[in-house]
There are 2 protein chains.
Amino acid sequence: MNPEAAHDILTKHLRASGNLRSTSSRMAVLDAVMASQGHFDAEGLYYRMISNGTRISKATVYNTLDLLQECGLVSKYRFAENSSRYEKAFGRPHHHHLVCLQCGDIIEFVNERLNRIQEDVCNEKNFVPQSSSLQVFGTCGKCRKSRG
Amino acid sequence: MNPEAAHDILTKHLRASGNLRSTSSRMAVLDAVMASQGHFDAEGLYYRMISNGTRISKATVYNTLDLLQECGLVSKYRFAENSSRYEKAFGRPHHHHLVCLQCGDIIEFVNERLNRIQEDVCNEKNFVPQSSSLQVFGTCGKCRKSRG
DNA sequence: CTCGGTGCAAATGCTTTGCAATGTC
DNA sequence: GACATTGCAAAGCATTTGCACCGAG
């Protein structure tokens with residue numbers, strides 16, 4: 001997805017949410033997210049922006065990340081740690097995570113059967129899903145090799 | 001599971017973890033957990049213990065909950081909120097959660113197919129699982145009725 | 001010109017820590 | 001008696017909030 005398309009999505013979401021304004025700070029956060037690779041946390045994104053010369057505050061970063069989540073431009077996860085982790089989500093397929101407890105590595109996977117089962121369970125329980133997150137905690141192959 | 005069996009599991013885990021001691025505080029936390037229903041947080045457990053006349057500190061509650069998780073007597077979750085949530089886990093089948101974003105209700109479900117898929121994915125990725133948690137966020141039937 | 005947004009620093013809320021007193025082994 | 005554990009209060013950390021100035025519409 002190109003930057004302009006993302007800007008468009010955010011702007012539309014802001015307008016749709018009442019009287020929210022399309023500011024340069026918000027667009028700067030969005031651009032930083034688009035330039036990111038893999039998972040990141042709010043603090044990391046903040047420092048990356050600062051060191052690139054962008055003038056921004058943590059409060060605005062947190063606030064904007066929530067807005068981006070609302071309109072589906074980022075996903076927000078809570079793994080084992082205290083801090084929330086984010087990743088860009090420009091229409092990527094719905095995926096889940098294997099989290100290595102030794103090295104902290106996160107392996108993503110997609111599984112259609114899994115998604116279908118989820119739908120079945122929701123139907124059965126009369127539940128309308130909005131988002132979901134499967135996290136499997138354990139040890140990755142690399143760590144098993146290096147530690148026996 | 002009766003209280004003594006649980007005490008046994010904890011004591012064995014303490015011994016197995018080095019030089020950890022089987023203290024009355026730790027057993028008191030375990031008893032409070034066993035008397036609990038559904039999900040709870042550390043603070044809630046602490047206040048329940050205090051109001052039952054148990055003399056205990058928050059630090060000990062947090063510390064002991066971690067020990068109980070290590071030996072599988074409780075499960076620890078992180079849903080959308082800031083605080084960790086726990087539930088007793090005395091050999092209950094592995095289950096997952098539908099979390100209602102309106103009323104906060106948590107609906108549990110068990111699905112064997114889902115567990116099998118999880119195993120397949122781990123094999124494929126050369127990953128050894130230790131625990132897992134699937135959370136589906138959305139709206140429950142009750143809330144949909146009451147709000148249209 | 002009118003609000004909503006921003007930056008800053010202080011506040012919040014969950015969790016952990018440091019330390020002297022206490023309890024286990 | 002040695003040393004892990006406890007309670008307490010203070011510290012830590014991620015996140016939120018209050019408020020005066022700033023800027024988008």
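Just so it is clear: chains get the letters A, B, ... in the order the sequence lines come, proteins before strands, and each one is counted from 1.
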Can you tell me if the side-chain N/O atoms of [X] get under 4.0 Å from OP1 or OP2 in [N]?
X       : N      : answer
B:Ser83 : C:dG13 : no
A:Tyr62 : D:dT15 : yes
A:Arg55 : C:dG7  : no
A:Thr60 : C:dG5  : no
A:Ser84 : D:dT15 : yes
B:Asn82 : D:dT15 : no

Compare the minimum distances between each of [options] and the side chain of [X], then state the nucleotide with the smallest one.
X       : options               : result
B:Ser25 : C:dT6, C:dT16, D:dG7  : D:dG7
A:Ser24 : D:dT6, C:dG7, D:dA24  : D:dA24
A:Arg21 : C:dT15, C:dG7, D:dA24 : D:dA24

Q.
Using 30° and 60° as the class boundaries, would you call the ring planes of B:Tyr86 and B:Phe40 parallel, tilted or perpendicular?
A. parallel

Q | Under 3.5 Å donor-acceptor, B:Thr11 side chain and B:His7 backbone | A | yes

Q: Determine the contact category for A:Asp41: base if any of its heavy atoms lies under 4.0 Å from a base atom, sugar-phosphate if only primed atoms, P, OP1 or OP2 are that close, otherwise nothing.
A: nothing

Q. Is the gap between the ring centers of B:His97 and B:Tyr77 under 6.0 Å?
A. yes

Q) A:Met27 has an atom CE; how far is it from atom C1' of C:dT6, in whole Å? A) 15 Å

Q: Starting from P on D:dC13, measure out to CD on A:Glu43 and report it in whole angstrom.
A: 10 Å

(Q) Between B:Ala59 and B:Ser22, which residue's closest nucleotide on DNA chain D lies nearer the 5′ terminus? (A) B:Ser22

**Q.** Beyond-backbone contact of A:Ile9 with A:His13, side-chain heavy atoms, under 4.5 angstrom
**A.** no

